[in-house]
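One structure below.
What you see is a predicted model; the values in this text were computed from it and never measured.
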Amino acid sequence: MKITVDEVKCQNHGLCAISAPDHFELDADGKLTYQETFDEENLDAIEDAIDSCPLQAIVMDRDAA
């Protein structure tokens, strides 16, 4: 599975980093960095991160490897 973040929409609020800190983080400059791929065992945390984004900038593709 794979996630992408629309960098135009994302305003680096960091709520995704709170919901799924193993996959999202704000770097020293306050810019979001993230892991694009993840395993099924992390699905709940990723879904929480997607739901927490106030700008709906995170998209998940369940079929991507």
message: Nearest 0.5 Å, please: how far is OH in Y34 from CD1 in I58?
response: 9.0 Å

message: Would you compute the distance between atom CD of E25 and atom CD of Q35 and round it to the nearest 0.5 angstrom?
response: 9.0 Å

- prompt: Looking at side-chain heavy atoms only, is the closest gap between L43 and F38 below 4.5 Å?
  reply: yes

- prompt: Within the side chain of D6, is there an N or O that forms a donor-acceptor pair under 3.5 Å with the backbone of A57?
  reply: no

Check: D27 side chain, D29 main-chain N or O, donor-acceptor pair, under 3.5 Å: yes

message: I need the L15 CG to L32 CG distance, nearest 0.5 Å.
response: 10.5 Å

query: Can you tell me how far the CG atom of L55 sits from the NE2 atom of H13, to the nearest 0.5 Å?
result: 4.5 Å

message: To the nearest 0.5 Å, what is the distance between CG on D22 and CD1 on I46?
response: 9.0 Å

field: Residues, nucleotides or ligands: over 12 heavy atoms within 6.0 Å of E7 CD
entry: no

message: Measuring from atom SG of C10 to atom CD of Q56, what distance do you get when rounded to the nearest 0.5 angstrom?
response: 13.0 Å

- prompt: Does the side chain of N12 reach to within under 4.5 Å of the side chain of L26, using non-hydrogen atoms?
  reply: yes

query: Is S52 reaching over with its side chain to a backbone N or O of A49, donor-acceptor style, under 3.5 angstrom?
result: yes

